2 protein chains.
Amino acid sequence: MTMPARERSSDPVILVYEPRPHQARAYADRLRSAGLTRIRVASDEREAAEHLPEAEVLFGWRVPVRLLSSAGRLTWIQSMGAGVDDLCAARHLIPPGVVVTRVVGPFGVPIAEYVFAFLLHHFKGVERMRRAQRDGRWDPFVPGTLRGRRLGVAGLGAIGQAVVRLGRAFHMPVRGLSRSGERADIVDEHFGPDDWEDFAAGLDVLVLTLPLTDETRHIVGDRVLSRLRPGAAVVNVGRGALIREADLIHALESGHLGAAILDVFETEPLPTGHPFWRMSGVYVTPHLSGPSEVDDVTAVFLRNLRAWCDGRPLEGVVDLERQY
Amino acid sequence: MTMPARERSSDPVILVYEPRPHQARAYADRLRSAGLTRIRVASDEREAAEHLPEAEVLFGWRVPVRLLSSAGRLTWIQSMGAGVDDLCAARHLIPPGVVVTRVVGPFGVPIAEYVFAFLLHHFKGVERMRRAQRDGRWDPFVPGTLRGRRLGVAGLGAIGQAVVRLGRAFHMPVRGLSRSGERADIVDEHFGPDDWEDFAAGLDVLVLTLPLTDETRHIVGDRVLSRLRPGAAVVNVGRGALIREADLIHALESGHLGAAILDVFETEPLPTGHPFWRMSGVYVTPHLSGPSEVDDVTAVFLRNLRAWCDGRPLEGVVDLERQY
């Protein structure tokens, strides 16, 4: 579906789209340093509307998808993130023949570090230790351990694999759930998308690294949460809408769940006054677990750009129908 | 030096010593459940003085060493902890022929979990995330990572080995320092006790898991601290007196060090008003990183007791002259 290689310039018109202007400029600077000269930059709909008609390549995050139908010369969209649910949801607006790619590699390690930072924080009682220090109290107690707690990782892509690897280093038995079953060998027990209840049964920790698709939207609700071990922790580093929020709140309020470690939400920023901000056992962070390090993401883009110019296959191509 | 096996009862008089009476009772209960009937229990000097003269075996923690000369029937002291500096310092009071053993196995995993709980807490900025949540602020930033930071582990016993193993899982290059050089193969670079300055040069994280001996007392002072990378973190899970406190305070106040994660102190409990309680970048915890889980420690003791009865060698025998 892509244009033949002979028609491609090695210095195409590239539109960099990032809602934060300083980040957009940082990406554009990196591309100029790499010798590219036809860079356009946009951080809002007005700027995007101005540049989209001439853009051959779109390199962006949280792109205003409703404008994409105006992008008549576009052949390739490189997302700056790992999740592309917004683009997939608007796939009918993406001109036919446009390839969409996502960033696959560099998020695994920082996201897995985030997951274990908060699991250790919660299960070892770091908050209690910090409070005692603030109060100047010598308050010895026996901290919990991660060792032996049963970890379930839903999604075994690059991020899920990094979480599994650390889980093993912490001596946790590990289950995995994924659609393809491709990495079933890295976990002790593997489950498919029809086995959510068996997968969840008896887990102490459930980590969600799944893409958001029609199939996975609100997949984690009462049915799954009630199967977890009492006191279990749910960690969401995928997308907010994987979880049915009302069910999660219920499982926390009833005391069945011990913790929810949430970096993503159905609405971001998390609205003022949302119960998550103040609920005991809920850890709210502002979608920062897999930071888009400008250098890492630019490196992925430049590697793909060389392949695009040469007509070779790109890394991280998204199947818009499968939605990831 | 030990008594020949034929003179040993399989139900010797065992004195359980633990300064916290409920802990002392918990240990005694476990031993009675194991079928032992001649258990004595003490939590202070008066009680210890009463029972020591008839004790054949002493199973204890923070034993009042100055009373040991009265223990005429004693043949074996099993420490409930990994560190035995108090017993070694009082070795002239321990009747000749008494074997001293320490607990070697079960502290590695919980202590390594503690170390990484706080390293992640510090380097990923968890405190900033928690504060933002308390204030209801959506405050995205790029968290730091552990990946690539240079880790140095001083002491490569069971605890040091567990720290090295997690360091590798977090993609940290790892240096080790130890006297014997026995586990030099588990680290990227190994240093001996005469190479402290080379060992410390350029480390981002220095973890102390050493025993306290005449050689290691105050080994970490200006000379070592000044070699660490600016912003480095020092973690002490060994003994407080490994570090020269005034030098550590200076390195923190000058801004050279970024953090000190301290579970042990020269005086415990850490005195009220000590600067560590309130210094920025200092994490104070009350000597809880390697909790004496009653069941784990009792299992070590009972295994050794069987060996003692049979006249076989014990696990974790301490060389009182070498001091660990």
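All values derive from a computational prediction rather than experimental measurement. All chains are named by letter (A, B, ...) in the order of the sequence lines, taking the proteins before the strands, and each is independently numbered beginning at 1.
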Looking at A:Asp86 and A:Arg62, does any basic side-chain N land under 4.0 Å from a carboxylate oxygen?
no

Just how far is it from atom CD1 of B:Ile243 to atom CZ of B:Phe265, taken to the nearest 0.5 Å?
9.5 Å

Interface moiety of A:Leu270 toward chain B, non-hydrogen atoms closer than 4.5 Å:
both

Residue pair A:Leu257 / A:Ala232: nearest heavy atoms and the distance that separates them:
CD2-O, 3.5 Å

Toward chain B, the part of A:Thr285 with a non-hydrogen atom under 4.5 Å:
both

Looking at chain A, which one of B:Phe116, B:Trp277, B:Phe123 has the largest number of heavy-atom pairs inside 4.5 Å, strictly under?
B:Trp277

Taking every non-hydrogen pair under 4.5 Å, which of B:His287, B:Glu293, B:His121 racks up the most with chain A?
B:His121

Is A:Arg130 close to chain B through its backbone or its side chain, or both, or neither, when contacts mean heavy atoms under 4.5 Å?
side chain

Sort out for me which of B:Lys124, B:Glu127, B:Met129 touches chain A most, counting heavy-atom pairs under 4.5 Å.
B:Lys124

NZ/NE/NH1/NH2 to OD/OE distance under 4.0 Å, B:Asp188 and B:Arg168:
yes

At a heavy-atom separation under 4.5 Å, does A:His171 approach chain B through its side chain, its backbone, both, or neither?
side chain

Atom group of A:Arg165 that falls short of 4.5 Å from chain B, counting heavy atoms
side chain

